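Below is one structure; the comments refer to it alone.
It should be emphasised that the depicted structure is a prediction, and the values quoted were computed from it without experimental measurement. Worth knowing before you read on, the calculation uses all heavy atoms, side chains too, and leaves out hydrogens, waters and symmetry mates.
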Amino acid sequence: MIYAEPPPGSVQLTPVASVLLFRPDGRILLLQRTHHKPFGSKWGLPCGKLNDGETPIDGAIRELREETGIHLNPEDLATHDALYVGSVEAYFVYHPFHVRLDLEPLVIVNTAEHQEFAWVGPLEALRLPLVDDGAEALMRTFRSLRRR
């Protein structure tokens, strides 16, 4: 489940940050997790847990670089409202960012975490087997983009 506020009485887990990258043609980058990882073989955005003391934007940039080899600067990213993902027992704070690229970057997938990448249209992304709550998180981010 995704919440707009932390569920009352639940435990906060390690926060995460993600980057929604738009190619010039509007397609977005998704990564397919390796089969032996949590959410194995499912698709999702470049995303990961924040390190202790790391800001969400720094974590998003680090995770993007580690998972895809793509280097961005903090001023490249636009932020969205945090979401709270989980259950009434435990949740994590999800910090989504996005960037619209002028050129298609070279993607070098970290094969320890992901087996494939794809540039897909937003509607096509929603038809893929996404990580848990991935479709709802994408939809909320897309709606946030339309309000800008």
Side-chain angles (χ1 to χ4, degrees), residues 1-23 26-101 105 107 109-110 112-148:
M1 293 282 307
I2 295 182
Y3 304 90
E5 298 178 0
S10 53
V11 176
Q12 181 178 333
L13 305 172
T14 304
V16 301
S18 73
V19 180
L20 174 60
L21 286 107
F22 286 92
R23 208 167 63 173
R27 291 169 123 13
I28 63 171
L29 178 66
L30 292 181
L31 303 173
Q32 186 180 33
R33 298 195 46 88
T34 59
H35 65 281
H36 61 78
K37 294 291 240 176
F39 308 113
S41 298
K42 291 191 176 184
W43 293 86
L45 299 174
C47 182
K49 294 178 183 176
L50 301 181
N51 293 330
D52 288 337
E54 189 173 45
T55 66
I57 198 162
D58 289 339
I61 289 169
R62 177 187 50 76
E63 285 290 342
L64 179 66
R65 185 182 64 252
E66 289 175 1
E67 294 182 356
T68 68
I70 297 171
H71 295 262
L72 294 177
N73 296 313
E75 58 272 10
D76 296 331
L77 297 180
T79 188
H80 296 264
D81 291 338
L83 300 173
Y84 303 90
V85 181
S87 66
V88 293
E89 293 85 27
Y91 71 94
F92 61 89
V93 182
Y94 174 72
H95 299 277
F97 295 89
H98 87 272
V99 62
R100 294 185 187 280
L101 303 169
V107 178
V109 174
N110 176 345
E113 294 189 32
H114 299 93
Q115 59 189 1
E116 189 74 47
F117 77 92
W119 291 98
V120 299
L123 292 177
E124 183 182 356
L126 296 173
R127 290 191 292 268
L128 290 171
L130 298 171
V131 297
D132 293 357
D133 298 312
E136 186 177 354
L138 272 175
M139 289 299 297
R140 286 178 182 237
T141 305
F142 293 148
R143 278 194 295 268
S144 174
L145 284 167
R146 277 187 267 164
R147 290 191 299 264
R148 290 176 183 233

Interatomic distance, K49 atom NZ to T14 atom OG1 [nearest 0.5 angstrom]: 5.5 Å

Flag the pair D132 / K42 as yes when at least one side-chain heavy-atom distance between them is below 4.5 Å, and no otherwise. yes

Salt-bridged, R140 to D81, with N to O below 4.0 Å? no

C47 side, atom SG; F39 side, atom CZ - distance, nearest 0.5 Å: 9.5 Å

Exactly one of D76, L77, I70, V19 clears side chain to side chain contact (heavy atoms under 4.5 Å, CB included) with I61, and that residue is L77

Let's go through H95 and T79 carefully: what are the C-alpha distance in whole Å and the side-chain angles of both, what is the deciding distance for side-chain contact (heavy atoms from CB on, under 4.5 Å) to 0.1 Å, and is it a yes or a no? CA-CA 8 Å; H95 299 277; T79 188; over 6 Å; no

Test item: Y94 and D133 side chains (from C-beta on) under 4.5 Å apart, heavy atoms: no

Check the pair F97 / L64 against side-chain contact (heavy atoms from CB on, under 4.5 Å), numbers first and verdict last. CA-CA 11 Å; F97 295 89; L64 179 66; over 6 Å; no

How long is the gap from CD1 on I28 to CZ on F142, to the nearest 0.5 Å? 4.0 Å

Beyond-backbone contact of P105 with H71, side-chain heavy atoms, under 4.5 angstrom: no

The single option from E113, H114, E116, Q115 that satisfies side chain to side chain contact (heavy atoms under 4.5 Å, CB included) with L31 is H114

Passes side-chain contact (heavy atoms from CB on, under 4.5 Å), L30 versus L45? Steps please. CA-CA 5 Å; L30 292 181; L45 299 174; 3.7 Å; yes

Check whether R33 reaches the backbone of P38 with its side chain - one donor and one acceptor, N or O, closer than 3.5 Å. yes

Check: N73 side chain, E75 main-chain N or O, donor-acceptor pair, under 3.5 Å: no

Mark yes when over 12 heavy atoms from residues, nucleotides or ligands other than H36 sit less than 6.0 Å from its NE2; otherwise mark no. yes

Classify the ring geometry of H98 against F22: parallel below 30°, tilted from 30° to 60°, perpendicular beyond 60°. perpendicular

Please report the closest heavy-atom contact between A17 and G59, naming both atoms and the distance. CB-C, 4.4 Å

Ignoring hydrogens and angles, tell me if any N or O in the side chain of E63 forms a donor-acceptor pair with the backbone of P46 under 3.5 Å. no

Shortest non-hydrogen separation from I2 to A137 and the atoms involved: CD1-N, 3.4 Å

Determine the minimum heavy-atom distance between A125 and V120, stating which atoms define it. CB-CG2, 3.7 Å

Taking the side chain as every heavy atom from C-beta outward, state whether L145 and L20 have any atom pair closer than 4.5 Å. yes

Contact summary for V88 and S10, nearest pair of heavy atoms: O-CB, 2.9 Å

Show your working on side-chain contact (heavy atoms from CB on, under 4.5 Å) between Y84 and V93 and close with a plain yes or no. CA-CA 5 Å; Y84 303 90; V93 182; 3.7 Å; yes

Here the pair of heavy atoms bringing Q32 nearest to S41 is NE2-O, 3.0 Å

Looking at every heavy atom in both G26 and P122, which two are closest together, and how far apart are they? O-CD, 3.9 Å

Measure the spacing between CG of N110 and CD of E67 and express it to the nearest 0.5 Å. 7.0 Å

